[in-house]
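For the numbers below, each heavy atom of this structure counts, side chains included, while hydrogens, waters and symmetry mates do not. Quick caveat: nothing in here was measured; it's all calculated off a predicted structure.
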Number of protein chains: 4
Amino acid sequence: MVTRKRALKAPPDSDTDSRVQRSKHTVLAATYELLTQSGLAGVSVDAVSKRSGVAKTTIYRHWPSRSALLLDACSRMGSRAQTPDTGTLRGDLETLAFHVAGRLRTAPWAAVLPSIIDAAERDADLAGVQARIHAEMRYPFCAVVERAQQKGQARRGVNPAEIVAAVLGPLFYRRWFSREPLDDTFVKAVVQNVISQL
Amino acid sequence: MVTRKRALKAPPDSDTDSRVQRSKHTVLAATYELLTQSGLAGVSVDAVSKRSGVAKTTIYRHWPSRSALLLDACSRMGSRAQTPDTGTLRGDLETLAFHVAGRLRTAPWAAVLPSIIDAAERDADLAGVQARIHAEMRYPFCAVVERAQQKGQARRGVNPAEIVAAVLGPLFYRRWFSREPLDDTFVKAVVQNVISQL
Amino acid sequence: MVTRKRALKAPPDSDTDSRVQRSKHTVLAATYELLTQSGLAGVSVDAVSKRSGVAKTTIYRHWPSRSALLLDACSRMGSRAQTPDTGTLRGDLETLAFHVAGRLRTAPWAAVLPSIIDAAERDADLAGVQARIHAEMRYPFCAVVERAQQKGQARRGVNPAEIVAAVLGPLFYRRWFSREPLDDTFVKAVVQNVISQL
Amino acid sequence: MVTRKRALKAPPDSDTDSRVQRSKHTVLAATYELLTQSGLAGVSVDAVSKRSGVAKTTIYRHWPSRSALLLDACSRMGSRAQTPDTGTLRGDLETLAFHVAGRLRTAPWAAVLPSIIDAAERDADLAGVQARIHAEMRYPFCAVVERAQQKGQARRGVNPAEIVAAVLGPLFYRRWFSREPLDDTFVKAVVQNVISQL
DNA sequence: CAGTAAACGAGACGGTACGTCCCGTCTTATG
DNA sequence: CATAAGACGGGACGTACCGTCTCGTTTACTG
């Protein structure tokens, strides 16, 4: 009856334990796999356990809930593109746009982002994740635009955010809404269109 | 006693039966409600039954599975905007863009479409539904652009589909990706930008 | 909305209508069949309807509920044995006992009575039916015993009801509890045993 | 990670698991309760689950079907009376007969046995259960009769099974068929009658 | 280098939903 | 207006997962 509380004295989580590290890594890998194959909905602790071979108990020992695991795995989906410097704004934007288009054409990202966006409508935590992913993706675009503005290659009055919208918007639209192929011609046309306003 | 087989004028499946119509309508309404509140994942047959007051049996009498019900309910989410005629292409596009922005600002649509887009990545049927919704939404945009091209108010060489992408893309991006407010200023700027290329 | 109450003017039930008579008869026959094949539990209005070809609506028109139909059908299961007069009490009892044993060996009765007895434990109406069936069955036994007592062929002090118990009890026991064959030797032994006490 | 197959002392099927034992016991108790209150027909897995507080899933984990659960619960209804030894056959028989009469007067047994007997007419498994219950009940009767025969207190020629029929038959008849009270006088009279033939 | 604390695997449990079957009632339409 | 056809609400069935929790075993750090 005496429900002795875990007398875990000092180390809050023993990250040094090799077993722990192995478990965590295996689980996250399996989660990521599932995520890219079946979207958020396909990630259940059961499924992760089965695929990874790690017992459900162990998973719950390291993440307090399914959401937490999801969060952790999603965090590994950010963009982290380098800010390019080709000399011209058009060149920089095209480089970035091609990069994004490339990711949109391959599985993991394009299949999972809608899941996350959907969930973000109803779940605050995932909305946070989505915001982070979006911020990472947007950052280099803003950077090149602002640099161009400072160098006088673009008008000052334009809000960089709108530029980003004008580039990413049509790309996303093409991938997820109209579902037409995201070919290079289209990407170039989008960039060209944006440049023409600056 | 003699069980004569129906050889009557009335169709064998009784879509005319008022009870059937009532049931179907009630169920679809409840499904739609749930859909807009909790997304695709929140629609379970049990929940629909509870909310609508229609017995689960009856639901399965009219739809063979949860998916079928979902399909049917999603099908009722199309746009059906009228093609406007303000005299200028800018006026027409603004009218349409405001219309879309309006829907994006209110619950049902904006909350559910990501669900559908996500599912469409993995489910052929829902991909079809999504295609239909998209086509309905896109149609008036293409119509006004083509009319303007015929009247010489816009260059002929431009593919209307790209115009649509340039209008809808940023709107969607703003609503679902950057999650910034979709104010009128933004909408007007988007349209202005598009016009400037024609 | 105006739920006009049935304006059934005069004849409480139109037994003269040939359709009604035909329906009632067909339904009761089918009910009896089901009863003897599957016991009380096997008699559902659905099943009766299917087997008889008479629509459920019609059945409910003539019997207010499943129980009522059951009651009616069970009523047709009474014994109605004639009171024999062989000259000796032993002869009379043997005649009656053989008669009962005969019924116990054939399907309808033996298969259904346990159903009724079971239901009688929990349902007052069926308890009534069971009482009637039992009374009909017991009556000739009591009659021959009392006649013998009046003629001085049997002691006066014995309660006829106990005689009946001593005859019917072992027969029923044999059929339903020990499930050994109810052969003539056994029946005779039972009667012989009873006689020896008088 | 390495899923080494159990090669341990502990039995693979965990009947020793305290949770399993608890669940099984709770479920069987609830089943028994329902059985005695509403008969076989009143025992639904849903009802058992509700009353016991054990999840339906868990019930199906331990019994493959409703029937199996029923079987198991019925099996716990046997008699297991001790074989008495009062010195005289009459004393022994009276002891046993009073014991049976006592059970017949109280709820569980008397309410359920007809259910079982009825089902036994159509279901082989339940017929087996019924046979076992009957055998247990009959055994001590046969034992005392045979002992008396060996000690010369009763004629050798009589088949003990017929003695049992002559005792149990009237008792059962009285309880279930004539539904008259099973008072001590009646029980004594039945035994007296049987004794007089030996 | 042994002992102990923890990490772990296995799986029992409560729960929700699924899709099916059948029943008793009620509605509609046909003759 | 008796009837046939069948829609409807309801309840139970048996299954599939899921997230939580309780075991007993094994493994790695520490005294």
How many angstroms lie between CG in D:Asp125 and CD in D:Gln130, if you round to the nearest 0.5 Å? 13.0 Å

To the closest 0.5 Å, what do you measure between NE2 (B:His62) and OG (B:Ser23)? 5.0 Å

What is the separation between atom CD on A:Gln21 and atom C1' on F:dA28, rounded to the nearest whole Å? 13 Å

Between A:Leu69 (CG) and F:dC18 (C1'), how many Å, whole number? 14 Å

Counting only side-chain nitrogens and oxygens, does A:Ser23 get under 4.0 Å of the OP1 or OP2 atom of E:dA7? no

Side-chain N,O (C:His62) to OP1/OP2 (F:dA2) below 4.0 Å: no

How many angstroms lie between CG in C:Leu113 and CD1 in D:Ile117, if you round to the nearest 0.5 Å? 11.5 Å

Could you report the tightest heavy-atom contact between D:Met77 and D:Leu35, atom names first, then the distance? SD-CD2, 4.3 Å

Given atom CG of D:Asp17 and atom P of E:dC13, what is their separation to the nearest angstrom? 7 Å

To the nearest Å, how far apart are A:Trp63 CH2 and F:dT20 P? 14 Å

What is the distance, rounded to the nearest whole Å, between atom CD1 of A:Ile59 and atom P of E:dA7? 16 Å

N/O-N/O pairs, protein side and nucleotides 23-26 of chain E side, under 3.5 Å:
{"residue": "E:dC23", "atom": "OP1", "partner": "C:Ser44", "partner atom": "OG", "Å": "2.9"}
{"residue": "E:dC23", "atom": "OP2", "partner": "C:Asp46", "partner atom": "OD2", "Å": "3.2"}
{"residue": "E:dC23", "atom": "O5'", "partner": "C:Ser44", "partner atom": "OG", "Å": "3.3"}
{"residue": "E:dG24", "atom": "OP1", "partner": "C:Arg66", "partner atom": "NE", "Å": "3.2"}
{"residue": "E:dG24", "atom": "OP2", "partner": "C:Val45", "partner atom": "N", "Å": "2.8"}
{"residue": "E:dG24", "atom": "N7", "partner": "C:Lys56", "partner atom": "NZ", "Å": "3.4"}
{"residue": "E:dG24", "atom": "O6", "partner": "C:Lys56", "partner atom": "NZ", "Å": "3.3"}
{"residue": "E:dT25", "atom": "OP2", "partner": "C:Tyr60", "partner atom": "OH", "Å": "2.7"}
{"residue": "E:dT25", "atom": "O4", "partner": "C:Lys56", "partner atom": "NZ", "Å": "2.9"}

When you match B:Ala55 and D:Ser67 each to their closest nucleotide on DNA chain F, which lands nearer the 5' end? B:Ala55

To the nearest angstrom, how far is A:Arg22 atom CZ from E:dC8 atom P? 7 Å

Considering only heavy side-chain atoms of D:Val54, the closest of E:dC13, E:dG14, F:dG9 is E:dG14

Please round to the nearest 0.5 Å and tell me the distance separating atom OG of A:Ser67 and atom CG of A:Asp123. 6.0 Å

Looking just at side-chain N and O atoms, do C:Asp118 and D:Ser115 make a donor-acceptor pair shorter than 3.5 Å? yes

